[in-house]
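For this chain, numbers begin at 1 and follow the sequence in order. Not measured: the values here are computed from a predicted model.
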Amino acid sequence: MARSVCVWFALAAIVCSLSAISAEESSESKEFVLTLDHSNFTDTVSKHDFIVLEFYAPWCGHCKHLAPEYEKAASILSKHDPPIFLAKVDADDEANKDLASQYDVKGYPTLQILRNGGKNVQEYKGPREADGIVEYLKKQSGLASVEIKLTEDASNLIDDKKIVIVGVFPKFSGEEFESYMALAEKLRSDYDFGHTLDAKQLPRGESSVVGPLVRLFKPFDELVVDFKDFKPEALEKFIEESSIPLVTLFNNDPSNHPFVAKFYNSPNAKAMLFADLSTEGFDSLLSKYREVAEQYKGKGISFLLGDVEASQAAFQYFGVEESQVPLIIIQSDDGKKYFKPNLKADDIAPWVKDFKEGKVVPYVKSEPIPKENNKPVKVVVADTLQDMVFKSGKNVLLEFYAPWCGHCKKLAPILDEVAVHYEKDADVLIAKFDATSNDILDENFDVRGYPTVYFRSANGNITPYLGNRTKEDIVDFIKKNRDKPVHQESLKDEL
């Protein structure tokens with residue numbers, strides 16, 4: 001009998017152990033990120049006051065890197081009170097293209113915060129690792145502005161590395177307070193907001209002031225700025241303009257990265273001085289640069305200082321060399337670039353003045369013109385775009401691609417087949433253009449992703465190719481859209 005009891009307990013222990021293992025495996029295998037598509041998107045989003053959405057592509061390397069961090073964050077946030085839900089949509093799936101367009105997805109991954117059943121959409125601007133995602137979303141799901149009752153509350157909210165906005169009020173009601181709280185809700189993904197009845201609880205600034213007023217704390221230039229106009233447009237403009245440094249610093253310090261992002265998102269022309277910040281004479285260069293930035297403040301130009309060590313990706317993007325520093329580049333709002341290499345401190349003011357007066361010639365990034373271009377698919381670079389596409393008098397199918405793009409790699413052999421098909425047809429040209437290494441100067445080509453394919457007929461009609469990516473479909477498209485060749489004599493007359 002005793003033996004039977006022992007055996008029973010042993011079996012019970014094994015069963016419990018197996019159950020625990022099974023439960024653990026079940027927990028590990030459970031996916032906490034919700035998978036949405038065109039069929040369940042609206043129904044799911046409408047049920048949530050707060051949900052985070054990732055638009056991704058299966059082939060995207062950044063998406064693959066984010067996936068385990070996003071899943072880990074979703075697991076942790078599922079236990080939050082109330083739970084915070086994270087979801088994903090395969091934006092590369094043809095069936096979800098309308099969703100991607102509706103939410104203005106232009107790259108992968110795109111993360112957005114949807115509030116009030118999807119009625120309010122905000123860009124996710126937080127970290128991309130699990131712990132950071134969790135902390136950021138906990139904050140975003142709470143109150144847009146926190147009340148500051150004590151000095152400790154202010155210390156917890158305000159530090160010397162970020163923008164913080166605090167409203168000072170005689171009471172937490174009235175038109176000014178409501179206007180402030182509405183703007184805090186609108187801009188909560190960009191800034192930290194607080195509100196208080198007593199300015200004495202706040203660091204810096206005049207502590208005897210009585211609200212209503214808005215005090216903006218920042219880690220650059222003047223460290224605190226007050227503002228008393230609570231009209232929504234005026235208040236938002238004040239915050240946006242005050243939160244951009246006179247000269248934005250781009251280096252390896254992560255605390256500067258939010259200001260760099262604001263610099264590049266600005267609609268202004270963007271002046272960028274790249275230099276070795278440790279070299280002798282740099283202080284003189286910076287002093288002159290700040291003088292020019294002050295001179296053009298509020299006149300449509302934003303200024304950035306980039307450290308050479310942190311700016312290698314920018315050098316590659318602009319097609320410039322480290323040997324050319326100190327150099328200044330201005331990118332206008334129409335995408336054109338202007339640059340002056342190896343400049344001296346006294347060069348800055350007159351060169352920026354010449355730019356403003358339209359006296360500087362745009363710089364065009366271009367790969368070298370190929371010495372040999374005898375493969376079926378011809379290579380077009382920025383310096384040959386006009387001659388090979390617009391002045392050739394031919395029907396040209398032109399692919400804009402990125403060397404790293406998986407879809408471009410899949411399309412490449414198909415375009416080779418199309419090019420071989422037309423190899424003996426002197427009136428048709430199949431070509432490709434590396435859009436990461438060459439500037440696209442023609443407004444007819446709207447390239448927002450890769451591959452993007454356009455067809456320019458011999459008579460100048462430009463049409464995007466949106467059909468299936470098969471040899472048969474592309475050949476059929478060219479057949480239907482091609483024109484008779486333009487004779488060189490008439491072409492010269494036209495030009």
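A search for side chain to side chain donor-acceptor pair (under 3.5 Å) contacts involving Lys125 returns Asp190, not counting sequence neighbours.
The aromatic rings of Phe400 and Phe445 are tilted relative to each other, their planes meeting at an angle between 30° and 60°.
Under 4.0 Å is where a charged nitrogen must lie from a carboxylate oxygen, and between Lys72 and Glu129 no such pair does.
Asp276 and Ser278 share a donor-acceptor pair across their side chains, judged by distance under 3.5 Å alone. Between the side chains of Asp434 and Ser437, at least one donor N or O lies within less than 3.5 Å of an accepting N or O. Checking Tyr454 against Thr463 by side-chain atom types alone, no donor-acceptor pair falls below 3.5 Å. Counted by atom type alone, Thr470 and Asn468 present zero donor-acceptor pairs between their side chains at under 3.5 Å.
Val360 places a side-chain heavy atom less than 4.5 Å from the side chain of Trp351. The closest side-chain heavy-atom distance from Leu398 to Arg456 is not below 4.5 Å.
Listed by first then second residue, pairs satisfying salt bridge (Lys or Arg N to Asp or Glu O under 4.0 Å) with a partner in residues 324-345 read Lys337-Asp439, not counting sequence neighbours.
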Working for side-chain hydrogen bond (donor to acceptor under 3.5 Å, both in side chains), residues Glu54 and Gln112 = CA-CA 7 Å; Glu54 177 204 8; Gln112 296 176 338; over 6 Å; no
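A cation-pi arrangement, defined by a distance under 6.0 Å to the six-membered ring centre and an angle within 45 degrees of its axis, is absent between Lys162 and Phe259.
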Going by atom type alone, with no hydrogens or angles, which donor-acceptor pairs under 3.5 Å involve a side-chain atom of residues 40-53 and a protein atom two or more places apart or on another chain?
{"from": "Asn40", "atom 1": "OD1", "to": "Asp37", "atom 2": "N", "distance (Å)": "2.8"}
{"from": "Asn40", "atom 1": "ND2", "to": "Thr35", "atom 2": "O", "distance (Å)": "3.4"}
{"from": "Asp43", "atom 1": "OD2", "to": "Lys47", "atom 2": "NZ", "distance (Å)": "3.4"}
{"from": "Thr44", "atom 1": "OG1", "to": "Asn40", "atom 2": "O", "distance (Å)": "2.8"}
{"from": "Ser46", "atom 1": "OG", "to": "Thr42", "atom 2": "O", "distance (Å)": "3.0"}
{"from": "Ser46", "atom 1": "OG", "to": "Asp43", "atom 2": "O", "distance (Å)": "2.9"}
{"from": "His48", "atom 1": "ND1", "to": "Thr44", "atom 2": "O", "distance (Å)": "2.9"}

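When Tyr103, Tyr136, Phe55 are each tested for a ring-ring contact (aromatic ring centres under 6.0 Å, His included) with Tyr124, only one passes: Tyr136.
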